[in-house]
Amino acid sequence: MEKYDPKEIEPKWQKVWEETKLYEAKDEDPQPKFYCLDMFPYPSGEGLHVGHWRGFVLSDVLARFNMLLGKNVLHPMGWDAFGLPAENAAIKRKSHPKIFTDNAIATFKKQLHQIGVMFDWSREINTSDPNYYKWTQWLFLKLYENDLAYRKEAPVNWCPNCQTVLANEQVVSGECERCGSKVIKKNLTQWFFKITNFAEDLLKDLNNLDWPERTKTLQRNWIGKSEGTNIEFRIQNSELKINVFTTRADTLFGCTYVVLSPEHPLLNNLKSQILNLKIVEDYIENAKKKSDLERTELQKEKTGVKLEGIKAINPINNEEIDIYVADYVLATYGTGAVMAVPAHDERDFEFAKKYNIPIKEVIIPERIDKRNPPVAGKEKIERKNVQAIVKDPKTGKFLCLHSKKHNWNTFPMGGINDSENIIVAAKREVTEETGYTNLINEKLLGSPVRAEYFAKHKNQNRVSFTSLVYFELGGNEQIEISVEEKEANDILWIEPKDMNVDFMVHAEMDIWLDWLNNPKHAYTDYGILINSNKFDGLNSKEAQQKITEKLKEIGAGDFTTNYKLRDWLISRQRYWGAPIPIIYCPKCGIVPVPEKDLPVLLPENIEFKPHGESPLKQSEKFLNTTCPKCGEKATRETDTMDTFVDSSWYYIRYTDSQNKNNMADESKIKKWLPVDLYVGGIEHAILHLLYARFISKALHQLKLVNFSPNGEPFTKLFNIGMIYLHGSKMSKSKGNIVSPDELIEKYGTDALRGYELFIGPADQDSEWQVSGITGIYRFLEKVWDFYTNNKIIDQPQEDQMIEKTIKKVTEEIQEFRPNTALSNLMELFNYLRKTDIISKDYAEKINILLAPFFPHLAEEIWQKNGNAGSIFNSSWPKHDETLAKDQKVVVAVQLDGKTKGVIEVNPTASQEEVVNEINKNEKLSKLVDPSKARKIIYIAGRALNFVLK
RNA sequence: GCCGCGGUGGUGGAAUGGCAGACACGCAGGUUUCAAAAACCUGUGAACGCAAGUUCAUGAGAGUUCGACUCUCUCCCGCGGCACCA
């Protein structure tokens, strides 16, 4: 008997598929298209590991499946070939990045062929090829012509190790995404793309994308939209104004100072008026020296300097307030200046405490008593109250009153009038209600809390403003209390664990517990306005609206929307990238390279070791040129573009990768795009995917492409889960790489493909456990033996299990659940091995079911069974719905929800019929007496439950 | 701190309101063999029991329901992202 030998059949079919051009997508094919895209790899020297395989195998299953559905499939591959690692490796080996990259590509290509993925290599691209980067440069020119690319001086992220600037997206918690060095700020003149123009569209259009929610959430957070108010604070005796952004216009009356970030441009204009200029300038100088990371690491202690001699005016109440410069305010967010409201912002609170700045409360918390909610239509009475929390430091217990009448627990409390001292009143209430007189260490906690409730005994709604005072018991001295008080309440000393919202009746209890445990902090939640003139009594939301409207009326502010997203810095001071196609002319200024002169070639003979400036500057031949406008001597821009620019449009190039006259032919772009399925890791959730969406939208806006109504390039995204080894990501530096090569040698490609798919849910991370591959290999042997040994008869056959499997496998591929699709196929073969005859029709259908997962094996079987042509030119089987239906269903028989046994019935059986069957069943009829059941619940075909209790 | 994902046998995982543990790995016993490997068969969540069977069990605790891995709430643990964002 012939044995399953992947080593023989796999290379054979890979060669045949290549020669017959099975995978070449056809531009002229009238069938519906399916553009299936993998995130193209960066060809590193490390080669592919089993983690990379997972995505390629999954996309291949989907591509082959769609091909079998009759679709015209485009599944291309290429190389994200520019980038730092190649350059660094080349420096180390005294080689050239191009040589390094070409070698790496050769290795990758060989490995990708081994996977047996149906890539259309005729469309292969390489971003470092002048035929490709010509169009990257063209893209830059188009953005420049339309004011979407600009140059400005700005404080930018600089990686001292990589010796280049980085985009915001490439700085991960203050460190360089690539090398992990601490990133510092440098003031440099750099090129930016205006991605912020598209912030709203990039955010809004996420809603309609068939992408994983978590990826969309990451993008939403990164874009960071917040709606708020711009407010202008006039500077006294000056024409100058400080513009701030806030989301809390409701707290404006509580603003007691404003803060400028050290980088704020206004500081220059104020110099003449600042009395302590030297101190201020020293502070600014110092702040500049710190990296972003240092600034944020030093979270504990906020620092700042007051600008002596200048005051700002709060536009809402014309109060004079101080101006500070402090580095806790970020230059890069909002307007680089804030209004500080210490009572309602933690940072401002901390700062105000340190520098003795007034803290003014304007928002108080509000609670509705859920146990006694206000009743509509009743009179509403406002009252001021005081509550006392008394702790006995000796026992740790708290004083509490248990109301005999209401059967509830309260703290000592009572009403107060406006003129009364709150602490005195609280003390009085404690003594009156409990008799204790020795109360010490009193503290007023937080602000009053507004609470609404219904007072039954008075038949009225009450609005209380209750202040909370904390005491400690100094001694057990007690005086006699009144008879009424004695009759009304029991005096309890309760354990700290009973200090909770359930034991105590107060609706304000959660807030008080917070204040009791963290006595010193700002109240930052929403609430009700106080100390805010005519805005008093409004809630925060209403007040934000009304106060902003008022500011608008007096010309001191307006509603605005702010985004965290910054413009994309694309200049890089490194060699291995696409040169920015710009010429600087002493006479004409910035002159774009004319389109006809593209590409601006990257010089090959050059010392590319980094030294803080672009290596291209060293090449006289590259640097010196003539101005395309006036013909005078001029110099080229020597920075190269971020490699994310290369990858921001590559999916377009695949549609027409050889085109010499355009980035791609218009009709081909329209034919293939948008991408129907994009498969790749979550690590690109922000960087690549945001940039690609931006570029696609920009190209649409400029009418350079037109393939999608809102310019979205990727209709469906699937994030493949990562494969871990010993709990961490696979990487060569950690030495925990599992290479596919040995596994292919031992088990073959199909087995490894199968295991990659079987390891777990495709969208979740999985731990690599190589032992699992033997199960797949045994399965493939079983499949092989089945087709080798069984008698295939040319007669019709009906089999429910086979029909069901066709149905399930189809659904599971569509739902991206290859792991359960495979377990269904395994079940089918476990079932089939009990038979030795199968119809030709079924044998073929099952053969095709296997094909997307195990293409080599399936193709071999296909051929051995006498079929001409590739299995991938056949068509995906359809199940017969009637045959797939269960003839009998198993119903669980339950007593009070506990399964006692099962019974087989017709799927359409009624409750009575099932009960009859149970009565007939020897075992079950002993257990259950249907006449005793209080209630019978029958879920057709699933369960029948006798409810006894 | 905020947001997201996850927690089920010895292991990877299945089941998204109705028989918990499909499928696979591993392990144990058996068949075969001079022997071993491979293959095949049987068993395999835990506890008690000779057995029939009973009880317990999906991170912990509560709730909703005739019935909860699945829904709701509170909490614990692990992973990932963001973070002085005004």
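Here is how names work: the chains are called A, B, and so on, in the same order as the sequence lines, proteins then strands, and each is numbered from 1. Side chains are part of it too, since the values below use all heavy atoms of this structure and drop only hydrogens, waters and symmetry mates.
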Exercise. OP1 or OP2 of B:rC85 sitting under 4.0 Å from any side-chain N/O of A:Arg347?
Worked result: yes
For this session: Could you tell me whether A:Glu815 and A:Lys808 have a side-chain N and a carboxylate O separated by less than 4.0 Å?
Result: no
Seminar exercise, completed: Judged by whether its glycosidic angle lies within 90° of 0, B:rG53 is anti
Problem set entry | Between P of B:rA86 and CD1 of A:Ile242, the distance in whole Å | 20 Å
Problem set entry | Nearest-Å distance for atom pair CD/P, residues A:Gln544 and B:rA86 | 12 Å
Problem set entry | Value in whole Å for how far the P atom of B:rC3 lies from CG of A:Leu206 | 19 Å
Exercise. Charged N to carboxylate O below 4.0 Å: is that the case for A:Arg817 and A:Glu811?
Worked result: no
Exercise. Is any side-chain N or O of A:Arg220 closer than 4.0 Å to OP1 or OP2 of B:rG4?
Worked result: no
For this session: Starting at atom CZ of A:Phe829, determine the distance to atom C1' of B:rA22, rounded to an integer number of angstrom.
Result: 18 Å
Exercise. Rounding to a whole Å, what distance do you find between A:Glu227:CD and B:rA86:C1'?
Worked result: 15 Å
For this session: Could you check how far CZ of A:Arg942 sits from P of B:rA15, rounded to whole Å?
Result: 13 Å
Exercise. For the pair made of CZ in A:Phe779 and P in B:rC23, what is the distance, rounded to whole Å?
Worked result: 13 Å
Exercise. Between atom CG in A:Asn824 and atom C1' in B:rC23, what is the gap in whole Å?
Worked result: 9 Å
